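Remember, it's a predicted structure, so these values are computed and weren't measured experimentally. Chain naming here is simple, since letters A, B, ... match the order of the sequence lines and numbering starts at 1 in each.
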2 protein chains.
Amino acid sequence: MRPLIHPAIQDVPIGAILHALSDPVRLTIYADIVGQERSQNCSTFLQVQDKAIPKSTLSQHIKVLREAGLIRSERRGVESFNLSRSVEVDAHYPLLIATILRAHHTQLATDAAKTKKAKRKR
Amino acid sequence: MRPLIHPAIQDVPIGAILHALSDPVRLTIYADIVGQERSQNCSTFLQVQDKAIPKSTLSQHIKVLREAGLIRSERRGVESFNLSRSVEVDAHYPLLIATILRAHHTQLATDAAKTKKAKRKR
DNA sequence: TTAGGAGTATGATCAACATCTAAATTTGCG
DNA sequence: CGCAAATTTAGATGTTGATCATACTCCTAA
């Protein structure tokens, strides 16, 4: 297996980061990785938003996040752990991650409110 | 011509915003619109980064920005002016725009430095 | 040493996107 | 009215992206 690619943040175009996080599945996974203190192994994400995801799909998503410089994947024995590179990203693009994640949470809350309102109307 | 679509910010998924700004051409155009106090007509952007862009392509990019809730297009006579909706976006997703634009500028600076260094090596 | 589990690579498929040319639409003006 | 200017739409094309099934590589434990 080829070694995993972990680019330096300066070499990652901002567009690649935005693209990586523009996918709802990836944004959810990434929010999870950042949120957890401990790093996560892949299998943690086999369920995203009540939807089962095949492990190959998952692996692709994680690859995109990794090659956007957002996470680091470390192999420990059989499994590999994914941890956020937010310190590095913050150093180069201050507040970027925090702001996007905040927007993500805002949206989750907004969506929940909408669902509630829709139910009330029925 | 159909009326232009200007969604409410709450109805725009964060992914749509990130996707709209993940394209380098669009990010450049958007940065320009936000940067200018006065709104811009389309023809302003016929040149982006030393590259000529056909009007129709430009129109598409502006449409994506508009439907991501990022800009407002107003027709005045024959032409249409584009202005940033940053106040509205800020209200819903605080700091999002400023942070992304800052990252964009950082990247421009970094790239310039790289080019300079590459030239020095020759 | 080998069976099994974790993750990755490959390749297929379908959808979405970026780009362009050409044609259509809208508006202002003679 | 009828033309010209600014922009949008339509249609075509090549590219990238998302998703999945399958096959593969590594590592570990029995």
Does any pair with a residue in residues 14-23 of chain A pass side chain to side chain donor-acceptor pair (under 3.5 Å), and if so which ones, sequence neighbours excluded? none
Would you confirm whether Thr57(A), through its side chain, and Ile53(A), through its main-chain N or O, come within 3.5 Å as a donor-acceptor pair? no
Roughly how many Å is it from [atom1] in [X] to [atom2] in [N], rounded to a whole number?
X: Leu27(B); N: dA18(C); atom1: CG; atom2: P; value: 13 Å
X: Leu58(B); N: dT7(D); atom1: CG; atom2: C1'; value: 10 Å
X: Leu4(B); N: dT25(C); atom1: CG; atom2: P; value: 16 Å
X: Gln60(B); N: dT13(D); atom1: CD; atom2: P; value: 17 Å
X: Lys55(B); N: dT21(C); atom1: NZ; atom2: C1'; value: 13 Å
X: Ile29(A); N: dT19(D); atom1: CD1; atom2: P; value: 9 Å
X: His61(A); N: dA9(C); atom1: NE2; atom2: P; value: 15 Å
X: Leu65(A); N: dT8(C); atom1: CG; atom2: P; value: 12 Å

Tell me whether the side-chain N/O atoms of [X] come closer than 4.0 Å to OP1 or OP2 in [N].
X: Ser56(A); N: dC20(D); value: no
X: Arg75(B); N: dT25(C); value: no
X: Ser59(B); N: dT8(D); value: yes
X: Arg76(B); N: dT26(C); value: no

Verify whether one side chain among Ser73(A) and Arg66(A) offers a donor that lies under 3.5 Å from an acceptor in the other. yes
Got a sec? Which of residues 7-23 of chain A come in under 4.0 Å of DNA chain D, heavy atoms? His19(A), Asp23(A)
Heavy atoms from C-beta onward define the side chain here; which of [options] lies closest to that of [X]?
X: Ser80(B); options: dA6(D), dT7(D), dT19(D); value: dT7(D)
X: Lys63(B); options: dT9(D), dT19(D), dG7(C); value: dT9(D)
X: Lys51(A); options: dA9(C), dT8(D), dC20(D); value: dC20(D)

Does a side-chain N-to-carboxylate-O contact under 4.0 Å join Asp11(B) and Lys114(A)? yes
Identify whether Ile14(B) and Val64(B) are in the same connected component of the hydrophobic contact network (ILVMFWY, side-chain heavy atoms under 4.5 Å). no
Who passes side-chain contact (heavy atoms from CB on, under 4.5 Å) against Arg72(A), sequence neighbours left out? His6(A), Glu74(A), Leu83(A), Arg85(A), Glu88(A)
Just so I know, are the side chains of His104(B) and Thr28(B) near enough to count as touching, which here means a heavy-atom distance under 4.5 Å? yes
